[in-house]
Amino acid sequence: MEKHECHYYQLLDDGVMECLLCPHHCHIAKGKTGRCRSRRNDGNRLVSEVYGRPCAVAIDPIEKKPLYHFHPGTKCLSIACTGCNFHCLNCQNHDISQAAPNEVTVVDLSPEQVVDLCIEHNCPGIAYTYTEPLTYIEYVADIARLAHERGLWNILVSAGYVCKKPLRDLLPFLDAANIDLKSFSDTTYREVSGGRLSIVLDTILALRDAGVWLEITNLVIPGVNDDADGISSMCKWLVNHHLEGAPLHFSRFFPQYKMRHIPPTPLKTLAIAKRIAEEEGIKHVYLGNVG
């Protein structure tokens, strides 16, 4: 498939291109890619290395996203391309999120073919998931537009690290989202993921304001983001911003990627997090990865 020109970039001096998709604003020299490894300066344009080339296609229960209050009991077509603009030390899908497209097996699927596949398998919606779908936003947007035309839902599963203009352009085509709110500490965001908390909070509010059904996931990592004060602050922020009705999923951490030295989250820690959230006013609290 021919390389697809990206949106959201500008040409700087000496042929360098600045990507305007996410707050990293990567300055990309000719022949190089940005931090996500999926957007390349080909000398004339910024092109997507992954448009129409998913590395994962599957049918999942919608609860796996996790979405517990958006059409429970249904299935969705899940699709992912390589790449992520975070480099989380605990990433559970690092084999595809931290890979370049030429390092994994991919298939050619046009947006039209993705939608046809969804309908063929009697799935009422498509989930953009597993990696960071916002790094291949052009592919997501083209699929999502066609999906809406054919009566399908669009579900975004994301870390929410994106600039306001690209997100604003995508919002009309989204029906539901699960945002991974990794911590309520900006320091932790910078050290563990390579980003900033405030951007993710802005994304959550933009989804809320657009009427997208929203659920939040917080992976609780021992010694990293499991302190009671941080969990309380996160829940207070959600309640203060009228998100007490958004289901909150506390997920259990297991040793992974560059955090193999950290033990699994004790079940007692998750129980404490759930109690704190409920005391702060969160109406729907769930525990994930607990068997």
Side-chain angles (χ1 to χ4, degrees), residues 1-9 19 21-22 33-34 36-40 42 45-65 67 70-71 74-86 91-159 162 166-167 169-178 212:
M1 185 174 291
E2 183 180 350
K3 295 293 172 63
H4 189 90
E5 183 175 7
C6 294
H7 305 158
Y8 317 113
Y9 74 95
C19 182
L21 175 60
C22 88
T33 62
C36 67
R37 304 180 73 183
S38 62
R39 303 168 79 80
R40 180 180 298 276
D42 75 352
R45 310 170 299 165
L46 191 68
V47 298
S48 171
E49 294 280 284
V50 298
Y51 186 102
R53 303 177 66 207
C55 63
V57 182
I59 296 174
D60 291 323
I62 203 165
E63 289 81 2
K64 187 179 176 180
K65 296 305 102 189
L67 289 174
F70 184 80
H71 300 282
T74 59
K75 295 186 181 297
C76 55
L77 180 72
S78 294
I79 189 165
C81 299
T82 59
C84 186
N85 53 358
F86 276 169
C91 182
Q92 64 179 358
N93 289 326
H94 59 90
D95 55 331
I96 54 176
S97 72
Q98 304 301 312
N102 63 354
E103 295 174 341
V104 300
T105 301
V106 300
V107 296
D108 289 335
L109 276 180
S110 69
E112 293 82 3
Q113 289 173 317
V114 172
V115 172
D116 287 344
L117 192 63
C118 184
I119 292 172
E120 177 186 341
H121 288 277
N122 298 311
C123 295
I126 302 169
Y128 312 93
T129 181
Y130 302 145
T131 57
E132 179 45 73
L134 294 174
T135 62
Y136 50 95
I137 194 169
E138 295 84 6
Y139 189 40
V140 171
D142 287 349
I143 297 170
R145 187 178 298 107
L146 292 173
H148 265 195
E149 289 175 1
R150 300 183 70 175
L152 303 174
W153 316 317
N154 291 301
I155 300 162
L156 181 73
V157 183
S158 169
V162 66
L167 178 62
D169 292 346
L170 184 62
L171 283 174
F173 305 105
L174 296 180
D175 300 286
N178 186 295
V212 177

Trainee: Are Asp142 and His4 packed together at the side-chain level, in the sense that at least one heavy-atom pair is separated by less than 4.5 angstrom?
Mentor: yes
Trainee: More than 12 non-hydrogen atoms from neighbouring residues, nucleotides or ligands closer than 6.0 Å to CD on Gln92, yes or no?
Mentor: no
Trainee: Ring-plane angle category for Tyr139 and Tyr51, please: parallel below 30°, perpendicular beyond 60°, tilted otherwise.
Mentor: tilted
Trainee: Would the distance check show the side chain of Glu132 and the main-chain N or O of Phe86 forming a donor-acceptor pair, the cut-off being under 3.5 Å?
Mentor: no
Trainee: Has Arg39 got a side-chain atom pairing as donor or acceptor with Thr135's backbone, closer than 3.5 angstrom?
Mentor: yes
Trainee: Do side-chain atoms of Glu138 reach the backbone of His7 as a donor and acceptor pair under 3.5 angstrom?
Mentor: yes
Trainee: Let me confirm one number: the CD1-NE2 distance from Ile143 to His148, rounded to the nearest 0.5 Å.
Mentor: 13.0 Å
Trainee: Do you know the tightest heavy-atom contact between Gly83 and Thr131?
Mentor: O-CB, 3.4 Å
Trainee: Given side chains that start at C-beta, do those of Ile62 and Trp153 come closer than 4.5 Å, heavy atoms only?
Mentor: yes
Trainee: So, the side chain of Arg37 versus the backbone of Gln98: is there a donor-acceptor pair under 3.5 Å, distance only?
Mentor: yes
Trainee: Between Asn154 (side chain only) and Asp175 (backbone N and O only), is there a donor and an acceptor less than 3.5 Å apart?
Mentor: no
Trainee: Which heavy atom in Val106 sits nearest to a heavy atom in Pro101, and how many Å separate them?
Mentor: CG1-O, 3.9 Å
Trainee: Is there a side-chain contact between Asn85 and Leu134 in this structure, where contact means two heavy atoms from C-beta onward sitting under 4.5 Å apart?
Mentor: no
Trainee: Do Ile126 and Ile79 make a side-chain contact, defined as non-hydrogen atoms from C-beta onward lying under 4.5 Å apart?
Mentor: yes
Trainee: Less than 4.5 Å apart, side chain to side chain, heavy atoms only: is that true for Val107 and Arg53?
Mentor: no
Trainee: Can you tell me how far the CZ atom of Arg40 sits from the SG atom of Cys19, to the nearest 0.5 Å?
Mentor: 13.5 Å
Trainee: Measuring from Phe173:CZ to Leu146:CG, what's the distance to the nearest 0.5 Å?
Mentor: 9.5 Å
Trainee: Measuring only between side-chain heavy atoms, which start at C-beta, is Lys65 closer than 4.5 Å to Cys76?
Mentor: yes
Trainee: Please find the pair of heavy atoms, one from Pro54 and one from Cys81, that lie closest to each other, and give the distance.
Mentor: CA-SG, 3.8 Å
Trainee: Would Val114 and Leu77 count as a side chain to side chain contact (heavy atoms under 4.5 Å, CB included) here? Give the steps.
Mentor: CA-CA 9 Å; Val114 172; Leu77 180 72; 4.0 Å; yes
Trainee: I would like to know whether Arg150 and Ile119 meet side chain to side chain contact (heavy atoms under 4.5 Å, CB included); could you show each step before the answer?
Mentor: CA-CA 9 Å; Arg150 300 183 70 175; Ile119 292 172; 3.3 Å; yes
Trainee: Can you give me the closest heavy-atom contact between Ala177 and Val212, atom names plus distance?
Mentor: N-CG1, 3.9 Å
Trainee: So, for Pro166 and Ile137, which heavy atoms are closest and what is the spacing to 0.1 Å?
Mentor: O-CD1, 3.7 Å
Trainee: Walk me through it: do Glu112 and Val115 pass the test side chain to side chain contact (heavy atoms under 4.5 Å, CB included)?
Mentor: CA-CA 5 Å; Glu112 293 82 3; Val115 172; 6.0 Å; no
Trainee: Identify the heavy atoms of Pro133 and Val140 that sit nearest to each other, and give their distance.
Mentor: O-CG2, 3.6 Å
Trainee: So, applying side chain to side chain donor-acceptor pair (under 3.5 Å) with Tyr130, which one of Asn93, Asp60, Thr82 is it?
Mentor: Asp60
Trainee: Would you indicate whether the side-chain heavy atoms of Val157 and Tyr128 approach each other to under 4.5 Å?
Mentor: no
